[in-house]
Amino acid sequence: MGRIVYVNGRYVPESAARVSVFDRGFLMSDAVYEVTAVLDGKLVDFDGHLERLARSLGELDMENPLDSASLLEIHRELVRLNGLDEGLVYLQVTRGVADRDFAYPQDATPTVVLFTQVKSLAESEQAGTGIRVVFVDDLRWGRRDIKTVQLLYPSMSKMEAKSRGADDAWLVQDGFVTEGTSNNAYIVKDDTIITRELSNDILHGITRAAVLRYARERQVRIEERAFTPDEARAADEAFITAASTFVMPVVSIDGATIGDGKPGPVARRLRKIYLEESRKSAV
Ligand code: PDD
């Protein structure tokens, strides 16, 4: 792999990209991140990702090291340097380097790292077949609205899903689905889209916001409320959204076949709309 990576103001070959062992991102997961999709070499929903980054940093009393224009410029330069046509840009901001201590350091300089990943987003094979999910207890911390790099429990849940023959897990807390390991979760019943309302229990997905906006503009009924695993098993359709998957149909939930076991019409339509709108608005 010979990518160019951005580290603290420099574009370097990935083999030369380094951060300190004393970085608080490494020692304490004291870091936030964003993942932005790239279509036709352009950034999808970029303003939304910048707004959420600022919010995540603010919730952790972390300084925003770069203004919006600089962040856009760095994303674009990295896409250009790596010749990325379709895929993802990963951005991480940590509180910086300091001697290990539970108290935040007062004078640390944030560490900023960005890299690209090639991924087929528009022509995804999985979007044609749909994915299978299983339920796993949601044992994550209580501030899932902050996009931190504490991803071990989602990673464990993904592995449990795979060991149970599925593609991903839907996390369940107090008898209700919160979200997927790295995506927001939706069911469709009687032509109404049902997805959990925004709170500290879930990440406020940028793709979620865009998809719900496009659906509302087209008079699709939406209920933002928590739904149970039983409701999910009995749904007409289901899907997930994330920058890394766009709208991805779900065809099996905890062993129950959803609809006829193929991607449903609402998910397929929203996927098409999201792709068309994103190509138009990407920057
Ligand atoms: N994950 N919920 C969780 C827990 C997530 O990690 C993500 C995104 C989402 C969807 O958010 P968005 O639509 O803004 O991508 C919801 C990214 C893609 C990741 O960790 O790779």
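Both ligands and their constituent atoms are indexed starting at 1 by order of listing. This structure is a prediction, so every number in the text was calculated from the model and none was measured. Along the sequence shown, residues are numbered consecutively beginning with 1.
Remark: minimum distance from atom 18 (C) of ligand 1 to any protein heavy atom is reached at S244 OG, 3.5 Å. Of the protein's heavy atoms, E179 OE1, 2.6 Å lies nearest to atom 2 (N) of ligand 1. In terms of protein heavy-atom proximity, atom 21 (O) of ligand 1 is closest to V35 CG2, 3.7 Å. Considering only non-hydrogen protein atoms, atom 6 (O) of ligand 1 sits nearest to S182 CA, 3.4 Å.
For the residue pair D67 and S70, a side-chain donor N or O sits within less than 3.5 Å of a side-chain acceptor on the partner. A donor-acceptor contact closer than 3.5 angstrom is absent between the side chains of D201 and T178.
Each of the atoms 10 (C), 16 (C) of ligand 1 lies under 4.0 Å from some heavy atom of N184. Atoms of ligand 1 found under 4.0 Å from any heavy atom of G205, numbered from 1 in the order shown, are 11 (O), 12 (P), 13 (O), 14 (O). Those atoms of ligand 1 that come under 4.0 Å of a heavy atom in A243, given as number and element, are 12 (P), 13 (O), 15 (O).
Distances from ligand 1 to the non-hydrogen atoms of K147 include at least one value under 4.0 Å. Using 4.0 Å as the threshold, R52 has a heavy atom nearer than that to some atom of ligand 1. Residue contacts with ligand 1: T181 is included, with a non-hydrogen atom under 4.0 Å away. At least one heavy atom of Y33 sits under 4.0 Å from some atom of ligand 1.
Residue I240 holds its CD1 atom at 9.0 Å from CG of D167, rounded to the nearest 0.5 Å.
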*E231 and R225: CA distance, side-chain angles, deciding distance, salt bridge (Lys or Arg N to Asp or Glu O under 4.0 Å) verdict*: CA-CA 12 Å; E231 274 185 285; R225 63 163 176 87; 2.9 Å; yes

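Under 4.0 angstrom from ligand 1, the non-hydrogen atoms of R140 all belong to its side chain. Both the backbone and the side chain of T207 come within 4.0 Å of ligand 1, judged by heavy-atom distances.
In terms of polar-atom proximity, defined here as any N/O pair under 3.5 Å, I206 does make such a contact with ligand 1.
Note on ring orientation: taking the six-membered ring where Trp is involved, the planes of F46 and H75 are perpendicular (angle over 60°, cut-offs 30° and 60°).
Residues R269 and E276 are not paired through a salt bridge, judged by the lack of any N-O separation under 4.0 Å between the basic side chain and the carboxylate.
A side chain to side chain donor-acceptor pair (under 3.5 Å) with E160 is found for one member of K158, R164, K162 and no other, namely R164. Remark: of the listed residues R140, R196, Q173, R140 is the sole one forming a side chain to side chain donor-acceptor pair (under 3.5 Å) with E179.
Residues V113 and V149 share a single hydrophobic cluster, defined by chaining ILVMFWY side chains whose heavy atoms lie under 4.5 Å apart.
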